[in-house]
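Below is one structure, written out as structure tokens, with a few remarks after it.
Here is the naming used below: chain letters follow the sequence lines, and residue numbers restart at 1 for every chain. In this text the structure is predicted, and so the values were computed from the model without any measurement.
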Amino acid sequence: DIQMTQSPSSLSASVGDRVTITCQASQDITNYLNWYQQKPGKAPKLLIYDASYLQKGVPSRFSGSGSGTDFTFTISSLQPEDFATYFCQQYDNLPTFGGGTKVEVK
Amino acid sequence: EVQLLESGGGLVQPGGSLRLSCAASGFTFSNYAMTWVRQAPVRGLEWVASIGNSGDSTYYADSVKGRFTISRDNSKKMLYLQMSSLGADDTALYYCAKDKSPFADNTWDLWGQGILVTVSS
């Protein structure tokens with residue numbers, strides 16, 4: 001299985017901050033990477049697919065980049081509704097997820 | 001309304017069986033692959049199984065292969081997960097999810113609210 005190492009596991013930030021999360025794959029996954037947001041008691045929500053494409057209806061403050069083994073997810077200006085947990089997920093092979101990053105209020 | 005609604009979860013004894021169902025509405029179900037993903041507090045999110053839009057192609061995680069069967073009924077807009085030989089490691093919140101494509105490309109743009117399966121004596 002392809003292992004996805006996501007960091008940090010948690011971070012504290014304030015509204016308006018720029019937030020960056022990284023995900024590293026254990027082998028080359030080209031651009032077969034998605035990013036999801038999950039709020040407590042809710043299902044994950046697709047934000048970014050194919051590493052850098054914004055899912056329809058998702059605000060443009062969310063972005064993704066990277067290819068191969070190293071990927072980055074960025075929130076350009078954190079909004080109150082963005083406090084949540086974020087997961088990366090690869091689909092180059094049988095799908096696997098990163099461990100998640102909890103974005104908390106500073 | 002575009003939604004997925006899971007049912008069939010509950011408490012089951014180790015070694016037992018359970019069938020989960022997922023009712024789809026608001027989109028052309030037969031055009032999309034479907035998936036089951038589970039989430040447990042310690043193990044996190046784990047892909048379980050996927051099925052192509054026609055039902056001809058199925059894929060399973062090694063952890064459930066031979067014990068779980070994914071299936072679908074396009075005429076009823078229903079997705080199923082038949083689970084057998086259940087163990088404590090299968091305890092989780094199970095989500096059904098819709099793929100963006102007819103094939104199991106594994107990018108999921110619609111999720112159900114989840115259904116809890118607890119394996120315990």
_Nearest 0.5 angstrom please: A:Asn34 CG to B:Asn106 CG, how far?_
9.0 Å

_If you define the side chain from C-beta out and look only at heavy atoms, does anything of B:Asp109 sit under 4.5 Å from A:Lys56?_
no

*When rounded to the nearest 0.5 angstrom, what distance separates CG in A:Leu94 from CH2 in B:Trp47?*
4.5 Å

_Ignoring hydrogens, what is the shortest heavy-atom contact between A:Ala43 and B:Gly112? Give both atom names and the distance._
CB-O, 3.1 Å

_Hphob cluster co-occupancy, B:Met34 + B:Tyr60, side-chain heavy atoms under 4.5 angstrom_ = yes

*Honestly curious: do B:Met78 and B:Ile115 fall in one hydrophobic cluster under the side-chain, below-4.5 Å linking rule?*
no

*Supply the atom-to-atom distance A:Phe87 CZ to B:Gln39 CD, rounded to the nearest 0.5 angstrom.*
5.5 Å

*When hydrophobic residues are tied together by side-chain contacts of less than 4.5 Å, even through go-betweens, does A:Phe62 share a cluster with A:Ile21?*
yes

*Give a yes or no on whether A:Leu54 and A:Tyr86 share a hydrophobic cluster (residues Ile, Leu, Val, Met, Phe, Trp, Tyr; joining criterion: side-chain heavy atoms under 4.5 Å apart).*
yes

*Go through the atoms of A:Gln90 and report whether side chain, backbone, both or neither lie under 4.5 Å from a heavy atom of chain B.*
neither

_For B:Trp108, the option from A:Tyr49, A:Tyr91, A:Tyr36 that meets side chain to side chain contact (heavy atoms under 4.5 Å, CB included)_ = A:Tyr36

*Using non-hydrogen atoms and a 4.5 Å limit, figure out which bit of A:Tyr32 sits close to chain B: side chain, backbone, both or neither.*
neither

*B:Phe103, CZ: over 12 other non-hydrogen atoms inside 6.0 angstrom*: no

*Nearest 0.5 Å, what's the CD-OH distance between A:Gln38 and B:Tyr95?*
4.5 Å

*When clusters are formed by joining ILVMFWY residues with side-chain heavy atoms under 4.5 Å apart, either directly or through shared neighbours, do B:Leu20 and B:Leu4 land in the same one?*
yes

